[in-house]
Amino acid sequence: MQSLYKYIKFLGLKKPINLRIITKKNRYYNADYEAEYSDISGKLIAHNITIYFKDNDRDFETLLAHELIHAWQEENKKHETHGPAFIKYAKRMEKQFNLRDIYIPEIDEE
């Protein structure tokens, strides 16, 4: 997973990432991000990413980059889902890693 390491480094992520790949389709979305916080301190302790890898609209690398931007948002307290900061980083990652459609306005809600 060399690209995972490169994406993490590019985004400057510090917290652990738990990546789960499900080989079936989810009827609502292709991937999911969930932040994990400590019950005791309330601090961010990890990023949980699930990618449903069957009949999805985007390739694996694009889905991974998309969810990692959500991790970046969480670490940097940019709570806007698919707002300006997300779009900015999506464009940067598309250019840096030759990806397409990290953010699709018609699919990704604001």
Side-chain angles (χ1 to χ4, degrees):
M1 280 249 136
Q2 193 171 17
S3 58
L4 175 60
Y5 173 75
K6 289 178 182 177
Y7 298 166
I8 291 168
K9 186 176 179 183
F10 180 82
L11 292 168
L13 297 173
K14 305 290 184 226
K15 301 296 180 185
I17 296 165
N18 301 311
L19 178 61
R20 198 170 109 179
I21 300 168
I22 307 292
T23 57
K24 62 182 182 177
K25 186 177 178 90
N26 181 299
R27 50 191 302 202
Y28 302 107
Y29 39 78
N30 296 325
D32 185 42
Y33 170 79
E34 185 178 331
E36 185 176 336
Y37 284 88
S38 167
D39 291 337
I40 297 168
S41 68
K43 292 184 179 182
L44 178 67
I45 57 173
H47 305 289
N48 298 313
I49 294 173
T50 303
I51 296 179
Y52 299 91
F53 202 61
K54 182 177 181 186
D55 300 331
N56 50 31
D57 302 344
R58 302 178 210 183
D59 65 43
F60 181 81
E61 298 293 327
T62 300
L63 290 170
L64 181 60
H66 182 106
E67 299 309 322
L68 287 170
I69 295 171
H70 288 306
W72 175 87
Q73 288 176 304
E74 201 66 32
E75 285 193 15
N76 291 280
K77 297 175 178 37
K78 302 284 185 187
H79 303 288
E80 59 179 32
T81 311
H82 297 111
F86 184 95
I87 294 167
K88 176 181 169 182
Y89 272 86
K91 288 179 182 178
R92 285 182 179 176
M93 288 188 78
E94 286 174 351
K95 184 176 180 181
Q96 178 73 24
F97 300 107
N98 196 29
L99 297 170
R100 317 183 295 116
D101 298 329
I102 293 174
Y103 171 76
I104 301 173
E106 301 82 35
I107 295 173
D108 300 318
E109 77 284 347
E110 294 255 349

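Numbers for residues simply follow the sequence, beginning at 1.
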With side-chain hydrogen bond (donor to acceptor under 3.5 Å, both in side chains) as the rule and sequence neighbours excluded, what pairs involving residues 39-53 come up? N18-N48, Y33-H47, E36-N48, S38-S41, H47-E75
Enumerate donor-acceptor pairs with a distance under 3.5 Å from any side-chain N or O in residues 22-29 to protein atoms, sequence neighbours excluded.
unit_1: K25; atom_1: NZ; unit_2: D55; atom_2: O; d: 2.9
unit_1: N26; atom_1: OD1; unit_2: Y28; atom_2: N; d: 2.7
unit_1: N26; atom_1: OD1; unit_2: Y29; atom_2: N; d: 3.3

To the nearest 0.5 Å, what is the distance between [atom1] on [X] and [atom2] on [Y]?
| X | Y | atom1 | atom2 | answer |
| --- | --- | --- | --- | --- |
| L11 | K9 | CG | NZ | 12.5 Å |
| L68 | L13 | CG | CG | 6.0 Å |
| F53 | L64 | CZ | CG | 10.5 Å |
| D108 | F86 | CG | CZ | 6.0 Å |

Where the side chain of E80 meets the backbone of A85, is there a donor-acceptor pair that is under 3.5 Å apart? yes
Using the side-chain hydrogen bond (donor to acceptor under 3.5 Å, both in side chains) rule, pick out the option among H82, E34, K78 that qualifies with H70. H82
Looking only at non-hydrogen atoms, find the nearest pair between R58 and T62 and report the distance. CD-CG2, 3.9 Å
Across all chains, not counting sequence neighbours, the side chain to side chain contact (heavy atoms under 4.5 Å, CB included) partners of A31 are I51, L63, E67
Under the side chain to side chain contact (heavy atoms under 4.5 Å, CB included) rule, collect the residues that match up with Y37, sequence neighbours excluded. A35, L44, E74
Does any part of the side chain of F60, heavy atoms only, come nearer than 4.5 Å to the side chain of I21, both counted from C-beta? yes
Donor-acceptor pairs under 3.5 Å, side chain of residues 89-100 to any protein atom, not counting sequence neighbours: which ones?
unit_1: E94; atom_1: OE2; unit_2: D101; atom_2: N; d: 3.1
unit_1: E94; atom_1: OE2; unit_2: I102; atom_2: N; d: 2.9

